[in-house]
There are 2 protein chains.
Amino acid sequence: MARRRLTREESRDLTRQRLLEAGAVIIAKKGLNGASVEDIAAHAGYTRGAFHSNFRSKAELFVELLKRDHQDVQQGLQQILSAGLSLQDMQQQLQMFYSQVYRGNVSYVLWAEARLQALRDAKFRTRLSALLLEKRDMIAYFITQFSAAMHRQPPAPAGDLAFATMALIDGMRFYNACLPEQLPDASVQAALGTVFSATFFD
Amino acid sequence: MARRRLTREESRDLTRQRLLEAGAVIIAKKGLNGASVEDIAAHAGYTRGAFHSNFRSKAELFVELLKRDHQDVQQGLQQILSAGLSLQDMQQQLQMFYSQVYRGNVSYVLWAEARLQALRDAKFRTRLSALLLEKRDMIAYFITQFSAAMHRQPPAPAGDLAFATMALIDGMRFYNACLPEQLPDASVQAALGTVFSATFFD
DNA sequence: GAACTCTAATACGCATTGGTATTTGAAAGC
DNA sequence: GCTTTCAAATACCAATGCGTATTAGAGTTC
């Protein structure tokens with residue numbers, strides 16, 4: 001394993017990457033407030049010096065984490081949208097996509113943490129809102145597409161229904177994680193299917 | 001205002017009460033982890049001594065807060081359920097009840113905080129699950145009642161739909177609090193109404 | 001290879017926190 | 001009214017936190 005030496009930039013990027021990953025894990029585990037900079041740095045194999053050399057503060061790393069995850073999700077959705085699939089296939093793709101995205105708990109917990117942060121910090125709220133609105137618009141577009149394909153109007157403003165969709169998915173995700181015996185994956189799928197099809201297709 | 005002297009017990013209860021109220025406010029504002037015992041005690045007009053004399057720890061106070069709030073909500077729902085109203089009236093009562101319960105942000109934020117806590121602490125999770133299941137069962141009963149009155153079967157297991165209902169309401173509550181201009185109260189009402197009536201009544 | 005630059009480690013200061021141990025003062029018991 | 005009891009204040013301590021300033025060492029440049 002003759003690994004070549006890294007350039008300064010590569011090395012720095014690697015550090016940053018590791019800190020971000022460690023941040024995600026530790027923040028998910030202990031909460032934004034419970035995770036110390038020391039924790040995160042140590043888990044990534046560094047000291048606080050490295051952390052502060054890469055991020056101004058924990059909050060900054062956190063926002064970066066959210067942005068990255070948001071980007072990934074948006075890209076995934078965009079891809080499904082622009083693949084030119086039939087309604088059936090699109091629906092199935094969406095279902096698969098969400099079960100993948102939410103497979104690990106980490107990103108879900110980060111967003112839950114972010115929601116709380118938003119409720120109590122106005123500055124953070126505006127930053128998060130921008131991301132939430134992007135997501136809402138993406139979903140609203142799906143809803144519009146579905147309705148158009150069914151030759152109908154959406155039963156309520158598409159944007160509002162998009163929020164409802166996000167609420168439903170996230171909420172069920174929580175109950176599923178918290179009470180897996182009471183609400184197993186299959187039940188979540190079935191319940192979501194029931195509500196969505198009743199709302200959008202019947 | 002000749003206020004009579006308080007007995008020892010009355011005085012203690014009063015202190016406890018004040019600590020609980022302060023705890024709710026401070027925890028809602030700064031998060032469970034961000035709120036220090038000192039914060040809470042000071043906001044209630046006491047010192048940490050008083051706090052530790054009344055609660056073993058912050059976590060204990062937090063659980064107490066959740067239990068109390070849960071009790072209140074369950075009682076309210078129970079009352080609506082056993083009032084012998086028509087479906088119409090019951091529906092309206094429920095709507096009113098929720099808009100009242102969730103008027104202030106405090107209790108909502110506490111439950112959001114609790115959800116996060118549950119995701120990362122197994123012991124806490126079991127304590128919270130018990131409350132969540134009680135609530136689910138209560139709502140499931142409403143769903144069963146509604147369906148029966150419509151001479152139908154619920155379109156999916158009532159318990160699962162109850163979870164979906166809780167998810168929807170809580171999620172929309174968040175978006176409403178976070179982006180009130182994008183999702184005003186009226187839109188929440190309308191969207192919820194659309195989804196619920198599509199799911200349960202059509 | 002010498003001077004430099006920049007990343008990450010280390011050292012330092014200061015503020016906070018939680019818990020315990022002790023003290024104080026007011027209610028309760030006699 | 002004297003003693004006892006208990007709620008709450010105070011004092012103390014050890015741990016942990018963040019941010020900055022400084023240092024060390026590896027990459028870069030010439």
Side-chain angles (χ1 to χ4, degrees), chain A residues 1-23 25-65 113 117 120-121 123-124, chain B residues 2-65 113 117 120-121 123-124:
Chain A
M1 276 296 274
R3 211 184 315 168
R4 80 177 177 77
R5 281 198 158 183
L6 300 174
T7 71
R8 217 175 258 183
E9 200 185 359
E10 286 171 326
S11 171
R12 185 174 169 79
D13 281 355
L14 186 60
T15 303
R16 203 179 156 81
Q17 191 60 36
R18 285 179 180 151
L19 285 171
L20 281 165
E21 273 164 32
V25 173
I26 300 292
I27 292 174
K29 183 153 67 180
K30 306 189 176 183
L32 183 58
N33 237 312
S36 70
V37 171
E38 174 100 33
D39 270 344
I40 297 171
H43 191 266
Y46 298 92
T47 62
R48 271 185 304 144
F51 186 99
H52 281 294
S53 167
N54 278 280
F55 301 95
R56 205 181 309 281
S57 67
K58 205 167 44 176
E60 196 182 288
L61 174 137
F62 185 53
V63 171
E64 178 81 22
L65 277 176
E113 196 78 48
Q117 194 63 19
R120 58 175 78 108
D121 174 357
K123 221 163 262 172
F124 184 85
Chain B
R3 209 184 318 170
R4 81 176 177 76
R5 280 200 161 187
L6 301 175
T7 71
R8 219 178 274 202
E9 201 186 358
E10 287 171 324
S11 171
R12 185 174 169 78
D13 281 355
L14 185 60
T15 304
R16 204 181 156 80
Q17 192 59 38
R18 285 179 180 153
L19 284 170
L20 280 165
E21 273 164 33
V25 173
I26 300 291
I27 292 175
K29 184 153 66 180
K30 305 188 176 184
L32 182 58
N33 238 312
S36 70
V37 171
E38 174 101 33
D39 270 344
I40 297 171
H43 191 265
Y46 298 93
T47 62
R48 270 183 308 144
F51 186 99
H52 282 294
S53 168
N54 278 280
F55 301 94
R56 204 181 309 282
S57 66
K58 206 168 43 178
E60 196 181 287
L61 174 138
F62 185 53
V63 171
E64 178 82 22
L65 277 176
E113 197 77 48
Q117 194 64 19
R120 59 175 76 110
D121 174 357
K123 221 163 262 171
F124 185 85

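Hydrogens, waters and symmetry mates are skipped; everything else that's a heavy atom, side chains included, is used. Within every chain, numbering begins at 1; the chains are lettered A, B, ... in the order of the sequence lines, protein sequences first and strands thereafter.
Atom-to-atom distance recorded for B:Glu60:CD and B:Leu65:CG is 11.5 Å, nearest 0.5 angstrom. For the atom pair A:Leu20 CG and A:Ile40 CD1, the distance stands at 9.5 Å (nearest 0.5 Å).
With sequence neighbours left out, B:Phe62 forms a ring-ring contact (aromatic ring centres under 6.0 Å, His included) with B:Phe124.
Salt-bridge check for A:Lys30 with A:Glu113: failed, with every basic side-chain N at 4.0 Å or more from each acidic carboxylate O.
Residue B:Glu38 contributes atom CD, which lies 11 Å from atom P of D:dT10 at whole-angstrom precision. In this structure, A:Leu32 places its CG atom 14 Å from P of D:dG17, rounding to the nearest Å. In this structure, B:Ile40 places its CD1 atom 11 Å from P of C:dT17, rounding to the nearest Å. Between the NE2 atom of A:His52 and the P atom of C:dA8 there is a distance of 14 Å, rounded to whole Å. When rounded to the nearest whole Å, the span between CG of A:Asn33 and P of C:dT17 equals 11 Å. If you measure from atom CZ of B:Arg12 to atom P of C:dG25, you get 20 Å, rounded to the nearest angstrom. Regarding A:Glu60, its CD atom lies at a distance of 15 Å from the P atom of D:dC18, rounded to whole Å. Between the P atom of C:dT17 and the CD1 atom of B:Ile26 lies a distance of 11 Å, rounded to the nearest Å.
Applying the 4.0 Å criterion to OP1 and OP2 of D:dA8, one finds that B:Asn54 has a side-chain N or O inside that range. Contact check, A:Ser36 against D:dT16: no side-chain N or O comes under 4.0 Å of OP1 or OP2.
Of all the heavy atoms in A:Thr15 and A:Ala50, the pair that sits closest is CG2-CB, 4.4 Å.
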Which atoms of nucleotides 9-12 of chain C (N or O only) lie under 3.5 Å from a protein N or O atom, and what are those distances?
{"unit_1": "C:dA9", "atom_1": "OP2", "unit_2": "A:Thr47", "atom_2": "N", "d": "3.0"}
{"unit_1": "C:dA9", "atom_1": "OP2", "unit_2": "A:Thr47", "atom_2": "OG1", "d": "2.7"}
{"unit_1": "C:dA9", "atom_1": "O5'", "unit_2": "A:Thr47", "atom_2": "OG1", "d": "3.3"}

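Remark: the backbone N or O of A:Gly49 is not paired with any side-chain donor or acceptor of A:Ser53 at under 3.5 angstrom.
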